[in-house]
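Predicted, not measured: the structure shown is a model, and the values here were computed from it.
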Amino acid sequence: MNTDSYVSPFSERYASKEMQYIFSPDMKFQTWRKLWIALAETEQELGLTDADGNPRITDEQIAELKAHATDVNYEVAKAREKEVRHDVMSHVYAYGKQCEKAAGIIHLGATSCYVGDNTDVIIMTEALKLVKRKLVNILAILADFAKEYKNLPTLAFTHFQPAQPTTVGKRATLWMQELVMDLEDLDYVLSNMKLLGSKGTTGTQASFLELFEGDEEKCRRADKIIAEKMGFAECFAVSGQTYSRKLDTRVCNVLAGIAASAHKFSNDIRLLQHLKEIEEPFEKKQIGSSAMAYKRNPMRSERIASLSRYVMVDALNPAITSATQWFERTLDDSANKRLSVAEAFLAIDGILDLYMNVADGLVVYDKVITKHLMAELPFMATENIMMDAVKRGGNRQQLHEKIRELSMEAGKNVKEKGGENNLLELIAADEEFPMSLEELKETMEPSRYVGRAPGQVDEFIAEVVSPILAKYKDMLGMKAEINC
C-alpha cells in the first residue's frame with residue numbers, strides 16, 4: 001500500500017476493478033498498439049508502395065507488430081519520454097525497439113491524435129457499456145422490489161407533507177422511470193460513438209493523400225477499414241486534428257443524468273430511513289457513529305449523493321473545454337480531459353455499485369409504514385366521508401366547512417397536545433354527519449385510497465421494464481462489491 005503520496009479515492013474506495021482497468025495504462029497503450037496494427041494492415045490492404053513500386057508494408061512486419069501487441073515495454077517508453085517530452089513518440093520508439101523490422105512503418109502517416117483520440121473514443125465506449133450493464137441490473141433489482149411491494153400502501157408526500165397514499169412499489173417505479181430515461185440517452189450516445197479515424201494533422205488527410213499518391217478514394221476507405229478493424233461502424237465525417245470535444249460533453253452529460261437519478265433515489269432512501277420506514281443495508285458489525293453507538297446512518301445513500309454531485313458538476317469541464325477549442329485544435333484540452341472524463345466514469349461506476357447494493361438490500365418496515373399512514377388517513381378519507389354524508393341527505397358545502405373545522409381541531413390535538421388523531425371521533429359526535437364511529441372506521445382501509453398504484457406497477461413493469469430486461473438478459477446477474 002502506498003502511504004507516502006497521494007492515491008485517488010476512486011482507485012482505493014469507489015470504482016470497481018473493471019472500470020479501473022478500462023482507464024488503466026494497459027488498456028490505453030495496448031489500444032495504441034492495436035491502432036498501429038490496424039493502420040499498418042489498412043495501408044497494406046490499400047496497396048501502399050515504396051518509391052520502387054514494391055509493397056511498403058509486409059506480412060512479416062505486421063506479424064512482428066502483433067507479436068508485441070500487449071507486452072508494452074513501459075520503462076523504455078518512460079525513459080524516452082524524459083528525453084523527447086512526447087508521449088506518443090516515446091511509445092512509437094519503445095514499440096520499434098521490440099519490432100526492429102516494423103519500426104519504420106509504425107505510425108506511418110499519422111499524427112498523435114490518431115492513437116490518442118481514437119483510443120479515448122474506444123475507452124469511453126467500453127466504459128459506457130459497463131455503465132449500461134449496471135443500469136440494467138439496477139432496473140432488474142428495483143423491478144423485483146416494486147412487484148413485491150406493489151400492494152403495500154404508504155403515505156405519499158408532496159412538499160414532504162403527507163398527501164394521498166401511494167404504495168411502496170409504485171414509489172419504486174418513479175426511481176425506475178428516471179433510470180429508463182437515462183438508459184435511452186445512453187443507448188443514443190452509444191449508437192453514435194464514432195472514431196476519429198486517420199485524419200492527419202489538421203483533419204485534411206494530406207499525409208495520407210501523399211502516401212497514396214493522390215488517390216482520394218483510398219483515403220476515404222482507410223477511415224472505413226480502420227473503424228471496422230476496431231469494432232466501429234464509422235468514423236466522424238470531418239474533423240480538425242481531434243474529434244470534436246462535443247463528444248466528451250455528450251458522454252459526460254449522460255453520466256450527469258444518471259448521477260441526478262441516483263441522487264434522487266438516495267435522497268428518498270435517506271428520508272425514509274429517518275422515518276424508520278425503509279432502511280438501506282446495515283452490516284452486522286457496522287458502526288454508525290464514533291460517538292452515538294445506537295445510530296444507523298444511511299452512509300451508502302449519503303455517498304451516492306456525494307459522488308453524484310461530483311459527477312453533475314464535473315460535466316461542466318467537457319462543456320467548457322469544447323467551447324474553448326481554437327480552430328483545428330489547441331492543447332489546453334488535454335490535461336483537463338484526461339482528468340474530467342476518466343473521473344466522471346470512475347465516480348458513476350462507484351455510484352451505480354452503491355445503488356445496486358442499496359436497492360438489493362432495502363429493509364422495509366411495513367408496520368411502521370402502516371402506523372404512519374393510519375395516523376394521517378382520517379384526514380385523507382374526509383372526501384369519501386363527505387360524499388357518503390351527502391348521499392344521506394347532507395349539504396355538500398355545509399359538510400365541507402364542518403369537516404374543515406373538525407380537521408383543524410383534530411390537527412390541534414395532534415400538534416399542540418401531542419394526542420392521537422381524533423378526527424373520526426369528532427365527526428361521529430357531530431350531528432350533521434349521520435354516521436357511527438364504527439361506520440367511519442370501516443372507511444379506514446388504506447387500499448381504498450391508493451388509486452391505480454398496484455395496477456400501474458404491473459403495467460409499467462410489463463410494458464416498459466420487462467422488454468428492456470428481456471432485450472439485455474445476457475447482462476443480468478451482476479452483484480456489486482462495496483470496498484468500504
Side-chain angles (χ1 to χ4, degrees), residues 149-175 264-279 296 298 301 364-457:
Y149 294 103
K150 69 178 182 180
N151 292 313
L152 179 58
T154 186
L155 270 178
F157 295 95
T158 58
H159 317 279
F160 202 27
Q161 301 300 308
Q164 188 177 46
T166 184
T167 69
V168 172
K170 170 61 193 299
R171 180 174 283 144
T173 65
L174 305 184
W175 304 327
K264 200 278 184 198
F265 164 80
S266 72
N267 281 351
D268 286 354
I269 297 304
R270 292 160 68 190
L271 292 169
L272 289 167
Q273 187 148 331
H274 165 76
L275 295 171
K276 297 182 175 60
E277 292 188 359
I278 295 179
E279 288 184 346
R296 291 170 65 99
S301 297
V364 177
Y365 297 108
D366 55 343
K367 290 182 174 58
V368 177
I369 290 171
T370 300
K371 178 183 177 182
H372 289 166
L373 176 58
M374 296 308 295
E376 301 289 343
L377 195 59
F379 294 121
M380 297 163 194
T382 54
E383 185 173 5
N384 285 16
I385 293 171
M386 184 171 62
M387 291 302 100
D388 287 342
V390 169
K391 290 177 185 178
R392 300 185 189 192
N395 180 291
R396 192 267 178 198
Q397 275 63 41
Q398 291 178 5
L399 292 170
H400 182 277
E401 176 59 23
K402 178 59 69 172
I403 283 181
R404 187 191 69 80
E405 294 173 358
L406 296 178
S407 296
M408 295 300 105
E409 186 176 340
K412 183 182 293 186
N413 188 57
V414 172
K415 296 175 184 177
E416 296 183 8
K417 299 178 182 179
E420 297 293 322
N421 186 339
N422 63 339
L423 180 58
L424 295 184
E425 286 79 1
L426 293 172
I427 291 174
D430 194 291
E431 60 184 19
E432 291 195 36
F433 291 91
M435 308 167 77
S436 68
L437 183 59
E438 289 69 26
E439 288 177 297
L440 291 171
K441 287 183 176 180
E442 288 177 4
T443 67
M444 294 297 103
E445 172 48 52
S447 61
R448 294 179 58 181
Y449 301 95
V450 298
R452 294 191 60 244
Q456 287 177 331
V457 173

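We find the CG-CE distance between Leu155 and Met374 to be 10.5 Å, quoted to the nearest 0.5 Å. For the atom pair CZ of Arg171 and CG of Leu152, the computed distance is 10.0 Å after rounding to the nearest 0.5 Å.
Pairing each heavy atom of Pro153 with each of Ser447, the nearest pair is CG-N, 4.1 Å. When all heavy atoms of Gly411 and Phe379 are compared, the closest pair comes out as N-CZ, 4.1 Å. Nearest heavy atoms, Thr166 versus Ala156: CG2-CB, 3.7 Å. The heavy-atom pair separating Ile369 from Ile278 by the smallest distance is CD1-CG1, 4.4 Å.
Qualifying side chain to side chain donor-acceptor pair (under 3.5 Å) partners for Ser301, counting only residues two or more places apart in sequence or in other chains: Glu280. Take Asp268 and apply the side chain to side chain donor-acceptor pair (under 3.5 Å) test, not counting sequence neighbours, and it matches Trp175, Lys264. Not counting sequence neighbours, Glu409 has no partner by the salt bridge (charged side-chain N to carboxylate O under 4.0 Å, His left out) test. Partners of Glu401 by salt bridge (charged side-chain N to carboxylate O under 4.0 Å, His left out), not counting sequence neighbours, listed by chain and number: Arg404. With sequence neighbours left out, the ring pair (Phe, Tyr, Trp, His ring centres under 6.0 Å) criterion links Phe157 to Phe160. Checked against side chain to side chain contact (heavy atoms under 4.5 Å, CB included), Glu442 has no partners two or more places apart in sequence or in another chain. Under the side chain to side chain contact (heavy atoms under 4.5 Å, CB included) criterion, Pro165 pairs with Leu373, Leu377, Met380, Tyr449, Val450, sequence neighbours left out. Residues forming a side chain to side chain contact (heavy atoms under 4.5 Å, CB included) with Ala428 (at least two apart in sequence, or on another chain): Leu437, Leu440. Gln456 is linked by a side chain to side chain contact (heavy atoms under 4.5 Å, CB included) to Lys170, Arg452, counting only residues two or more places apart in sequence or in another chain.
Under a 3.5 Å cut-off, the side chain of Thr167 and the backbone N or O of Pro454 do not form any donor-acceptor pair.
Other residues, nucleotides and ligands place more than 12 heavy atoms under 6.0 Å from the CD atom of Glu432.
Residue pairs that meet the side chain to side chain donor-acceptor pair (under 3.5 Å) test with at least one member in residues 366-376, sequence neighbours left out, are Glu277-His372.
Looking at heavy atoms from C-beta onward, Ile403 lies out of side-chain contact with Glu383 at the 4.5 angstrom threshold. Two residues are said to be in side-chain contact when any heavy atoms from C-beta on lie closer than 4.5 Å; Tyr365 and Glu279 meet this criterion.
Taking the charged nitrogens against the carboxylate oxygens, Glu405 and Lys402 do have a contact shorter than 4.0 Å, which makes a salt bridge.
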Between side-chain atoms of residues 385-399 and protein atoms elsewhere (two or more places apart, or another chain), which donor-acceptor pairs fall under 3.5 Å?
| from | atom 1 | to | atom 2 | distance (Å) |
| --- | --- | --- | --- | --- |
| Arg392 | NH1 | Pro434 | O | 2.9 |
| Arg392 | NH1 | Glu439 | OE2 | 3.4 |
| Arg392 | NH2 | Glu439 | OE2 | 3.2 |
| Asn395 | OD1 | Gln397 | N | 3.0 |
| Asn395 | OD1 | Gln398 | N | 3.0 |

Extract all donor-acceptor atom pairs below 3.5 Å that involve side chains of residues 415-427 and protein atoms in other chains or at least two apart in sequence.
| from | atom 1 | to | atom 2 | distance (Å) |
| --- | --- | --- | --- | --- |
| Asn421 | OD1 | Leu423 | N | 3.1 |
| Asn421 | ND2 | Ala375 | O | 2.9 |

